[in-house]
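Chain identifiers are assigned alphabetically (A, B, ...) following the order of the sequence lines, protein sequences preceding nucleic acid strands; residue numbering begins at 1 within each chain.
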Amino acid sequence: MSKEKPSIPKGTRDFGPAVVAKRNYIFGVIRSTFQKFGYLPLETPAMEQLSVLTGKYGDEGDQLIFKILNSGDFLSKTKPEDIDQGSKHLTRKISEKALRYDLTVPFARYVVMNRNEITFPFKRYQIQPVWRADRPQKGRYREFYQCDADVVGTNSLLCEAEIVQMIDEVLTTLELKDFTIKINHRGVLAGIAEAIGEKGREGDICVAIDKLDKVGQEGVRKELLERGISEEAVNKLEPLYDLTGDNEHKLEQLQAILGETAEGQRGLNDLRQVWQYLTQLGSYALSTQNPSGEPRLMLDVTLARGLSYYTGCIFEVKVNNVSMGSISGGGRYDNLTGMFGLPGVSGVGFSFGVDRIYDVLEELELFPSSSQLSTKVLIVQFDKESEVYSLPLLQKLRDAGIASELYPEAAKLKKQMSYADQKNIPFVLLIGSEEIKSGKLKLRDMQTGEQDELYIDDIIAQLKA
RNA sequence: GUGGUUGUAGCUCAGUAGGUUAGAGCACCAGAUUGUGAUUCUGGGGGUCGUGGGUUCGAGCCCCAUCUUCCACCCCA
């Protein structure tokens, strides 16, 4: 027999009963919100064809995809010279499947495969784990759950507005008070690049600007120059870092700077339209302010997002004053299904990171105690006679919809009581010879320590209340 | 993927320039209390010091490798 200590792979976790209960609380809030907005559930396989995934997330992303070794003799199709051609070439020979990296690409694949059955616009949500071969850190795991909501088959910016609404509703329901929904537009980024005379360079510009709050204006300036952006362009760019005033004022300032560029104008028009929808919806995200006085929804021209398939509005959500990266992100992609041979279907979607939300709620101690309750009443037994007497009562309690259990053996009272205590069971029902004689059972409230003698029907009535 | 960091009982950590049988608090188990948990008192179990090599008369402590943790970069939920 091996004495090897068991372990689980890096970046993965087990979830015990208490943790699962809390996670289910988050899943429940997200799921019911998605459904309230008309999204329908979808599930896809954990593994996809490797070719479906590669090339969708950029070179960086491709490296983070977990590949699955072909079953059987995975070397059967390879020749010695394949090894010489490098790992990229060899990978295709020995691996045809991979674990899904996100939920958006599998969704696009599903839409293309089922285009004839789907009624557009198609709104779906999906809550499943994804896998990334990333280096784990806090809030960063190799296996984690995403909760996606996407809609394809419409260009309407109402979808973007509703995404803001859903984010606001979910986080508010989870009792979060201080969070910022950042919004930007790829068109605005492209327009800025063009307006400062570096057309097409928005990629480099974004990567650098994204670090503004980390390395400061000087650091960004240095990086921009290193990336080959001209000094003149950088000078033109810098006023954009601290656009002042409310969101409308920011839009006006941007209009003046990049109104001449077609892409910039497209972005600004889209953003204005989103704001108009939100205003007409009476959005709480617009009317609610964070404790800092900042608005919840914020136009942020430094928001970039690396995923290469985004083309329109982009979102990112940050809970303020906690040590955690973004807990949600998304955007519009005009041509995701085009990669699978179905052009002209625009989609927009976003994703909640449950694992990060969990860590945030834990840090802020925002889990309600109700999310941890399981059994409502435990029947304590003394001997065989009391066990026999208790069984029909146990069934009666369960028939009444009360989560109940009978301690499965006549262990010492102390043991049975501390079982209830540790399992956080709020009531204990003591049934011994005295109680059997009188029919009046002892119901103990474990929080107050008070004990009442009641008939079973009164107990059921009290526990159901 | 690059650079760094961490790892001692179930948990949080001590462990002094390498020196005999590795400690504490909490948790756990048992008893005081044979019909009552969370409080009190008494006693008890539990660690080949992440793992594998190496240096040494001798390693928890030094060296190498590896796994894990966390951090920065990269990227992101």
Side-chain angles (χ1 to χ4, degrees), chain A residues 3-13 16 26 30 57-65 87 101-104 127-148 167 206-208 210-211 214-215 219 223 303-308 310 314-319 323-331 349-360 378-383 386 407 410-436 441-451:
Chain A
K3 277 190 190 167
E4 181 188 316
K5 279 187 190 169
S7 63
I8 55 175
K10 185 199 293 202
T12 66
R13 294 142 305 150
I26 301 173
I30 292 172
Y57 311 107
D59 289 339
E60 304 276 354
D62 282 358
Q63 290 178 348
L64 299 180
I65 294 171
S87 55
Y101 177 89
D102 70 357
L103 301 178
T104 307
I127 299 178
Q128 290 190 277
V130 301
W131 294 268
R132 295 185 188 176
D134 214 342
R135 194 91 81 107
Q137 281 181 34
K138 185 176 183 184
R140 171 178 286 195
Y141 307 100
R142 291 186 142 185
E143 176 185 62
F144 60 97
Y145 268 75
Q146 288 197 326
C147 305
D148 266 43
I167 292 171
C206 286
V207 170
D210 201 40
K211 294 172 191 158
K214 268 186 194 166
V215 299
E223 174 149 0
L303 171 63
R305 294 193 63 76
L307 285 180
S308 50
Y310 292 125
I314 45 182
F315 307 96
E316 197 162 284
V317 182
K318 175 92 178 62
V319 178
S323 53
M324 181 58 64
S326 62
I327 57 165
S328 177
F350 75 109
S351 181
F352 284 113
V354 171
D355 306 81
R356 287 187 174 178
I357 292 175
Y358 181 96
D359 289 347
V360 167
L378 173 79
I379 301 178
V380 165
Q381 60 161 312
F382 293 83
D383 47 33
S386 86
Y407 197 87
K412 283 188 181 162
L413 265 217
K414 178 170 173 142
K415 178 149 189 169
Q416 301 191 50
M417 294 298 286
S418 61
Y419 173 82
D421 189 41
Q422 291 193 356
K423 221 175 152 181
N424 235 333
I425 298 173
F427 293 97
V428 165
L429 196 52
L430 295 130
I431 303 179
S433 54
E434 294 168 24
E435 288 78 13
I436 294 173
L441 314 174
K442 282 210 178 77
L443 181 67
R444 182 179 178 85
D445 183 325
M446 293 296 277
Q447 257 137 32
T448 63
E450 286 170 20
Q451 249 171 233

Legend entry - Spacing of the P atoms in rC13(B) and rC70(B) (rounded, Å): 14 Å

Legend entry - Span that lies between the C1' atom of rC71(B) and that of rU5(B), in whole angstrom: 7 Å

Inset, instruction - For Phe382(A), enumerate each residue passing the ring-ring contact (aromatic ring centres under 6.0 Å, His included) test, keeping only those at least two apart in sequence or located in another chain. - result: none

Legend entry - Between rC76(B) (P) and Leu64(A) (CG): distance, integer Å: 9 Å

Legend entry - Base-contact (B) and sugar-phosphate-only (S) positions in nucleotides 32-38 of chain B, heavy-atom cut-off under 4.0 Å, - elsewhere: ---BBBS

Legend entry - Residues which pass side-chain hydrogen bond (donor to acceptor under 3.5 Å, both in side chains) with Lys423(A), listed by chain and number, not counting sequence neighbours: Glu405(A), Tyr419(A)

Legend entry - Opposite nucleotide pairing with rC28(B), Watson-Crick or G-U, both atom distances under 3.5 Å: rG44(B)

Inset, instruction - Could you tell me which residues satisfy ring-ring contact (aromatic ring centres under 6.0 Å, His included) with Tyr145(A), sequence neighbours excluded, listed by chain and number? - result: Phe27(A)

Legend entry - Rounded C1' spacing from rA59(B) to rA17(B) in Å: 14 Å

Inset, instruction - Can you tell me, in whole Å, how much space there is between the C1' of rU12(B) and that of rU51(B)? - result: 23 Å

Inset, instruction - Mind checking side-chain hydrogen bond (donor to acceptor under 3.5 Å, both in side chains) for Gln416(A) and listing every partner two or more places apart, or none if nothing turns up? - result: none

Inset, instruction - Take atom P in rC67(B) and the same atom in rG3(B), then report the distance between them in whole Å. - result: 14 Å

Inset, instruction - Just name whichever nucleotide pairs with rG58(B), Watson-Crick or G-U, keeping both distances under 3.5 Å, else none. - result: none

Legend entry - Integer-rounded Å distance: rC75(B) P and Phe144(A) CZ: 16 Å

Legend entry - Same-atom distance (P) from rG23(B) to rC28(B), integer angstrom: 23 Å

Legend entry - side chain to side chain contact (heavy atoms under 4.5 Å, CB included) against Glu435(A), all qualifying residues, sequence neighbours excluded: Leu441(A), Lys442(A)

Legend entry - Donor-acceptor pair, side chain of Arg356(A) and main chain of Ser326(A), under 3.5 angstrom: yes

Inset, instruction - Using the test salt bridge (charged side-chain N to carboxylate O under 4.0 Å, His left out), find all partners of Asp134(A) that sit at least two apart in sequence or belong to another chain. - result: Arg140(A)

Inset, instruction - Let me know the distance between CD of Gln146(A) and C1' of rC76(B), rounded to the nearest Å. - result: 9 Å

Distances under 3.5 Å between protein N/O atoms and the N/O atoms of nucleotides 50-52 of chain B, please, pair by pair.
none

Legend entry - Partners passing salt bridge (charged side-chain N to carboxylate O under 4.0 Å, His left out) against Arg13(A) (at least two apart in sequence or in another chain): Asp355(A)

Inset, instruction - Can you sort out the partners of Glu60(A) under side-chain hydrogen bond (donor to acceptor under 3.5 Å, both in side chains), two or more places apart, ordered by chain and number? - result: none

Legend entry - rC73(B): pairing nucleotide in any strand, Watson-Crick or G-U under 3.5 angstrom: rG1(B)

Inset, instruction - Please state the C1' separation for the pair rG43(B) and rU48(B) - nearest whole angstrom. - result: 27 Å

Inset, instruction - Please determine, by modelled atom types, if Ser351(A) and Asp102(A) share a side-chain donor-acceptor pair under 3.5 angstrom. - result: no

Legend entry - Under-4.0 Å side-chain N/O to phosphate OP1/OP2 contact, Lys412(A) with rG31(B): yes

Inset, instruction - Specify the separation, in whole Å, of atom CZ of Arg13(A) and atom C1' of rA77(B). - result: 11 Å

Inset, instruction - Go through the structure and list residues passing side chain to side chain contact (heavy atoms under 4.5 Å, CB included) with Asp383(A), not counting sequence neighbours. - result: Glu385(A), Ser386(A)

Legend entry - Rounded interatomic separation in angstrom, taking CG from Asp148(A) and C1' from rC76(B): 14 Å

Legend entry - C1'-based separation of rG47(B) from rA14(B) [nearest Å]: 15 Å

Legend entry - Nearest-Å distance for atom pair CE/C1', residues Met324(A) and rC76(B): 12 Å

Inset, instruction - Any chance you could list the contact pattern along nucleotides 68-73 of chain B? Use B for base contacts, S for sugar-phosphate-only contacts and - for none, protein heavy atoms under 4.0 Å, 5' to 3'. - result: SSSBBS

Inset, instruction - Could you check Val317(A) against Glu223(A) and say which one's nearest nucleotide on RNA chain B is further toward the 5' end? - result: Glu223(A)

Legend entry - Under 3.5 Å side-chain donor-acceptor pair for Tyr101(A) and Asp62(A): no

Inset, instruction - Look at the side chain of Glu450(A) and the backbone N and O of Arg444(A), then say whether any donor-acceptor pair between them is shorter than 3.5 Å. - result: no

